[in-house]
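To start, the structure under review is shown below, and the notes come after it.
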Amino acid sequence: MFKEWNIELNQFIILIIIGAVGGWTLGYPGIGVALVSVPYCLWMLVRTRDLARWLASDDKSDPPESSGLWGLIFDHLYQQNKTFKSQISNLHNIIIRAQQSTNAIQDAVVVVDPQGNLEWWNDAGKVLLGFQLKTDRGQPLTNLLRDPRFIRYFESRNYQRPLEIPSALQAGVFLQFQITVFGEGERLIVARDVTRVHNLEQMRQDFVANVSHELRTPLTVIKGYLETFMDSLQEDQPQLSRGLNRMNEQALRMEALVNDLLLLSRLETDRSTQVMKPVGVPNLLRRIFNDAQAMNDSKQHNITLEVNDDLDIKGDEEELRSAFSNLVINAIKYTPAGSNITLRWYDDENGVYMEVEDDGDGIDPKHLPRLTERFYRADQSRHSKTGGTGLGLAIVKHVLIHHQAKLEVFSELGEGCVFTCHFPRKNLVATTRQSVA
Ligand code: ADP
């Protein structure tokens, strides 16, 4: 760069000297300098015009012919332009390949801007969601997908769980929506056809519900006869008495199992539109506490209750009673005699909590992730002594999902357990929310 610049400068100085000397021999050195400077400036202007023209032209493949400093400038600009073009072409290819691959996906992929307007979608977006390129680009997504469940989900900005709803376009088709936030508030929505899985799940739920329901009648008959036989037993028939008692125990266990299965089936059916009512949890917990004391004769646990009487939440009282009772009954069942069990109802800035803490044998942490699965037992040996249907914590989990709450479990072997039902603060009923906020 400096070499060309030096040559250009030297040429200019020589030109000035020639002009000055020529002018001086004629007695007008200034005019001599002016005579050589003006063409030089004109030449510079012509080169500048060539440069401007070349920069403004769409086709920059051939820069104007030039040498020296100007040639160098043109060459540099030409090289930079070439690199820039090849980068653009690479990016363009990447975009085309990304579009081709997303178009090959069977799932609808949709991008919306931070304001929730449609920016881009793949071919499956047309098929599954009916988006039209000409009319729908730039439209608010919630104008096009109008199911209130989708609008609630989209606007909640809480996308931890996917949403499953029927398709508005095709009867009998179910779509699962999963939203991911990226960039500066843009959202990527993936919608997939889950009709087959949905139907299978529906069949499973119906089957369990029907079988449980059908088992009720024979069970009632068996229990009825057992009670009659037990009532009419003679004292000199100890063997028969033992047998009938065992049969009665198992019939009661089966009844509990059937009832739990029916409750779970009811909880699994989507009742997101169900209206929640204010529940006086402190009184509910007092009733559960009294029931627990009544069950506590044989083990003589030390059970205590700590409640904040100002906290009521919106919910389904029967479901909450069932969930809280399951946790308390578990604490009574799975801890050695004389353990300390505490029931708590309190809040903090992150939510409202119903907690059952015990200082029993605890649960190995490796079991915790699977504890709410149906029929999962952390300790088979302990379980065989205590009975139980294996559905208690599954019921707790489903009840809490209904209440937009979650179950948190902390435990170590030998350190006892803490089961916490964590409700969002928005579940607090208005009067108490004001007084506790
Ligand atoms: P179950 O009907 O067997 O009680 P649950 O779903 O209520 O079924 O509980 C699942 C398993 O979790 C139990 O079998 C038991 O091993 C373990 N568990 C639950 N609560 C406690 C507790 N407080 N202490 C120790 N283990 C517990």
Side-chain angles (χ1 to χ4, degrees), residues 208 212 215 219 249-268 285 288-289 291-306 318-345 353-403 405-422:
V208 174
S212 314
L215 281 175
L219 247 181
E249 268 169 31
Q250 292 305 317
L252 288 176
R253 204 174 148 232
M254 201 162 165
E255 188 182 35
L257 191 63
V258 166
N259 286 342
D260 277 359
L261 280 172
L262 279 172
L263 176 59
L264 255 183
S265 302
R266 265 209 320 278
L267 288 169
E268 277 178 336
L285 286 179
I288 293 174
F289 173 73
D291 292 347
Q293 293 290 20
M295 290 172 64
N296 190 26
D297 267 359
S298 58
K299 284 197 160 178
Q300 292 293 312
H301 293 307
N302 173 28
I303 309 178
T304 44
L305 176 69
E306 299 168 7
E318 256 322 289
E319 287 185 8
L320 291 175
R321 191 193 56 72
S322 171
F324 297 165
S325 301
N326 269 315
L327 295 180
V328 177
I329 291 170
N330 276 355
I332 294 175
K333 275 195 310 193
Y334 295 113
T335 51
S339 299
N340 294 304
I341 299 172
T342 311
L343 281 63
R344 291 193 193 91
W345 177 240
Y353 308 88
M354 187 296 181
E355 196 166 275
V356 180
E357 181 175 2
D358 67 60
D359 61 355
D361 295 336
I363 303 169
D364 190 332
K366 73 174 183 214
H367 294 298
L368 297 184
R370 299 192 58 194
L371 219 53
T372 54
E373 284 176 20
R374 274 152 231 234
F375 302 112
Y376 188 82
R377 267 120 192 190
D379 186 334
Q380 288 294 347
S381 58
R382 231 188 287 167
H383 170 260
S384 58
K385 282 182 259 154
T386 50
T389 61
L391 297 171
L393 293 180
I395 290 173
V396 175
K397 181 179 115 176
H398 277 89
V399 168
L400 294 186
I401 288 174
H402 260 178
H403 290 77
K406 55 181 186 249
L407 179 67
E408 291 159 359
V409 189
F410 296 95
S411 188
E412 290 281 346
L413 267 183
E415 300 279 325
C417 301
V418 186
F419 286 85
T420 309
C421 306
H422 179 168

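For the numbers below, each heavy atom of this structure counts, side chains included, while hydrogens, waters and symmetry mates do not. Counting convention: from 1, in listed order, for ligands and their atoms alike.
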My understanding is that only residues two or more places apart in sequence, or in another chain, count here; which of them pass side-chain hydrogen bond (donor to acceptor under 3.5 Å, both in side chains) with Asp260?
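Once residues adjacent in sequence are excluded, the partners of Asp260 under the side-chain hydrogen bond (donor to acceptor under 3.5 Å, both in side chains) criterion are Thr389.
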Of the listed options Leu327, Leu393, Asp358, closest to atom 5 (P) of ligand 1 (non-hydrogen atoms)
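It is Leu393 that holds the nearest heavy atom.
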Looking only at heavy atoms of Gly360, does any of them come nearer than 4.0 Å to an atom of ligand 1?
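Per 4.0 Å heavy-atom rule, Gly360 does not contact ligand 1.
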Can you tell me if Lys333 has a non-hydrogen atom under 4.0 Å from ligand 1?
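Lys333: in contact with ligand 1 (<4.0 Å).
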Using distance alone, decide if ligand 1 has a nitrogen or oxygen within less than 3.5 Å of any nitrogen or oxygen in [X].
| X | result |
| --- | --- |
| Cys417 | no |
| Thr335 | no |
| Ile363 | no |

Of Asn259, Leu261, Leu257, which is the lone residue that meets side-chain contact (heavy atoms from CB on, under 4.5 Å) with Ser212?
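Only one of Asn259, Leu261, Leu257 forms a side-chain contact (heavy atoms from CB on, under 4.5 Å) with Ser212, namely Leu261.
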Using a 4.0 Å cut-off to any heavy atom of Tyr376, which atoms of ligand 1 qualify?
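Result: 10 (C), 11 (C).
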With heavy-atom distances below 4.0 Å as the criterion, list the atoms of ligand 1 near Leu371.
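Listed by number with element: 12 (O).
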Spatial distance of atom CG (Leu263) from atom CG (Leu391) [nearest 0.5 Å]:
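Answer rounded to 0.5 Å: 9.5 Å.
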Once rounded to the nearest 0.5 Å, what's the spacing between atom OG1 of Thr372 and atom CG of Leu393?
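Spacing of OG1 (Thr372) from CG (Leu393) equals 7.0 Å.
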If you take all heavy atoms of Cys417 and Gly362, which pair is closest and at what distance?
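Looking at all heavy atoms of both residues, the closest pair is SG-CA, 3.8 Å.
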Between Ala378 and His367, what is the shortest heavy-atom contact and its length?
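Smallest interatomic distance, heavy atoms only, reads O-NE2, 3.3 Å.
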